[in-house]
Protein chains: 2
Amino acid sequence: MDVEAPVKRKRADAVRNTAAVLEAAKAVFAESGVDAPVREIAARAEVGVGTIYRNYPQRSDLIIAVFRHELDATADAAERLGAERPPAEALRLWAERLRRFVETKRGFAAALHSGDPAYAPLPRLFLGVLASKVQAILDAGAADGTLRPDVRAEDLVEALARLISISVDGEPGRSDTMVSVLLDGLAGPPAPTAQQQPRTD
Amino acid sequence: MDVEAPVKRKRADAVRNTAAVLEAAKAVFAESGVDAPVREIAARAEVGVGTIYRNYPQRSDLIIAVFRHELDATADAAERLGAERPPAEALRLWAERLRRFVETKRGFAAALHSGDPAYAPLPRLFLGVLASKVQAILDAGAADGTLRPDVRAEDLVEALARLISISVDGEPGRSDTMVSVLLDGLAGPPAPTAQQQPRTD
DNA sequence: AAACTATACGGAACATTGTTCCGTTTGTCG
DNA sequence: CGACAAACGGAACAATGTTCCGTATAGTTT
């Protein structure tokens, strides 16, 4: 399983504590958001704050550890939908999936788009992982002419995440219309440069 | 001019200080962002922190005071463009204007979408003021059939602001494509469920 | 089993920032 | 000029992130 035991084994209490912190973080994130005070997580895990910083030097490390599984699952969903559905529909369904992913994580959308250096790894990892799977849908759409070919998956995923954040902050459902407008725009005009020219071929 | 001098005149030093704080905030916002520490603004204005809180109890009050003019100018631009150009083009040009407004204010986009209660009045005021003028463009577009009629100005402005934030955080220009996709979607399919119907009148 | 050592721990201590509050200063007016 | 209300300044407090080191202990060696 391990390709090689790197150098040393971790101490048993350290392993226990790492797990306890992860568990506590999961609970605290759920009820107070991903920006909850370190001390709150430490108390929940019955651990000193030092232990948290030793295991997860950055807040983003902890967030990633907690949500990594769900991230991968959401990325896999893109892969699956892309294989099973026409590109435009796959995107629509996946946007719904992404919405659930973002909406169910208190404070996550805000952290993702905060620009705060403490959270900087989040967009890189999350949007990167998702985009790498969404790209296939866009490629398929570009190939069969149903989606405009000039949009990168990274940009699309980021745009969707931002639009979805609208309903996270305000009333639920408020972002639905704009998401649908965006996806329509993606399916619609190939967008030359100047005005619209209904057909070029 | 004044409909009525309310009750009392403000003390001369108070007037001076209010102005000094506003001036200092303008400078500090420009170089450190709208989330700069109060103490920094106080030092710049040569004033105690108490004076700032007395004049501007909430951070959002200070931000609003500093940018109110530019906000109104941006709203007026929507009005003017709506009167002078076809709806779709007016929106495209105005989105450009909005981009400049947002991009030139360090930390503003983050504050606007932070969800932080300290900044809560910002989206209400800024998006509200802008939306009230953008609505006319959407109405015109709905009337002549060039824009889908099911999008509220509030939602559109918020969506544009969020997309624009992408280039504020990352490389400049990164949001351009997605903004254009969104606007294309707005001009494209009028019906949520059915296909497109070129003319209704 | 005891001694030893590297690892990990806990949490006090420090730094930053928002916010309040009150003793002091000062503008205004009679 | 004196009295009073308005405004001031900044010390003080609270919340939070982060570091650091004396102490405890798991794992190892004898």
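Within every chain, numbering begins at 1; the chains are lettered A, B, ... in the order of the sequence lines, protein sequences first and strands thereafter.
- Considering only side-chain N and O atoms, A:Asn17 lies under 4.0 angstrom from the phosphate OP1 or OP2 of C:dC9.
- Other residues, nucleotides and ligands contribute only 12 or fewer heavy atoms inside 6.0 Å of the CD atom of B:Glu46.
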Before giving the answer on ring pair (Phe, Tyr, Trp, His ring centres under 6.0 Å), spell out for A:Phe67 and A:Phe126 the whole-Å C-alpha distance, their side-chain angles and the decisive distance to 0.1 Å.
-> CA-CA 10 Å; A:Phe67 295 128; A:Phe126 280 74; 7.2 Å; no

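- B:Ser132 meets the side chain to side chain donor-acceptor pair (under 3.5 Å) test with no other residue; sequence neighbours excluded.
- What separates CZ of A:Arg16 from C1' of D:dT25 is a distance of 11 Å, to the nearest Å.
- Atoms CZ (A:Arg54) and P (D:dT19) sit 12 Å apart, rounded to a whole Å.
- At a threshold of 4.0 Å, the pair B:Glu158-B:Arg162 counts as salt-bridged, since one of the basic side-chain nitrogens sits closer than that to a carboxylate oxygen.
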Restricting both atoms to N or O, compile the protein contacts to nucleotides 15-17 of chain D shorter than 3.5 Å, with distance only.
residue : atom : partner : partner atom : Å
D:dG17  : OP2  : A:Val38 : N            : 2.9
D:dG17  : N7   : A:Arg39 : NH1          : 2.8
D:dG17  : O6   : A:Arg39 : NH2          : 2.7

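- By the 4.0 Å N-to-carboxylate-O rule, B:Asp184 lies close enough to A:Arg148 to be salt-bridged with it.
- The two atoms that bring A:Val66 and A:Ala25 nearest to each other are CG2-CB, 4.0 Å, heavy atoms only.
- The two residues A:Val181 and B:Leu182 make their nearest non-hydrogen contact at CG1-O, 3.3 Å.
- When the salt bridge (charged side-chain N to carboxylate O under 4.0 Å, His left out) test is applied to A:Arg100, no partner is found at least two apart in sequence or on another chain.
- The side chain to side chain donor-acceptor pair (under 3.5 Å) test applied to A:Asp176 returns no partner, not counting sequence neighbours.
- When atom types are taken as modelled, the side chain of B:Lys133 and the backbone of B:Val129 share no donor-acceptor pair closer than 3.5 angstrom.
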Can you give me the N/O atom pairs linking the protein to nucleotides 27-30 of chain D at distances under 3.5 Å, or say none if there are none?
residue : atom : partner : partner atom : Å
D:dG27  : OP1  : A:Ala12 : N            : 3.1

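- Looking at residues 40-52 of chain B, you'll see B:Glu46, B:Val47, B:Gly48, B:Val49, B:Gly50, B:Thr51 sit with a heavy atom under 4.0 Å from some atom of DNA chain D.
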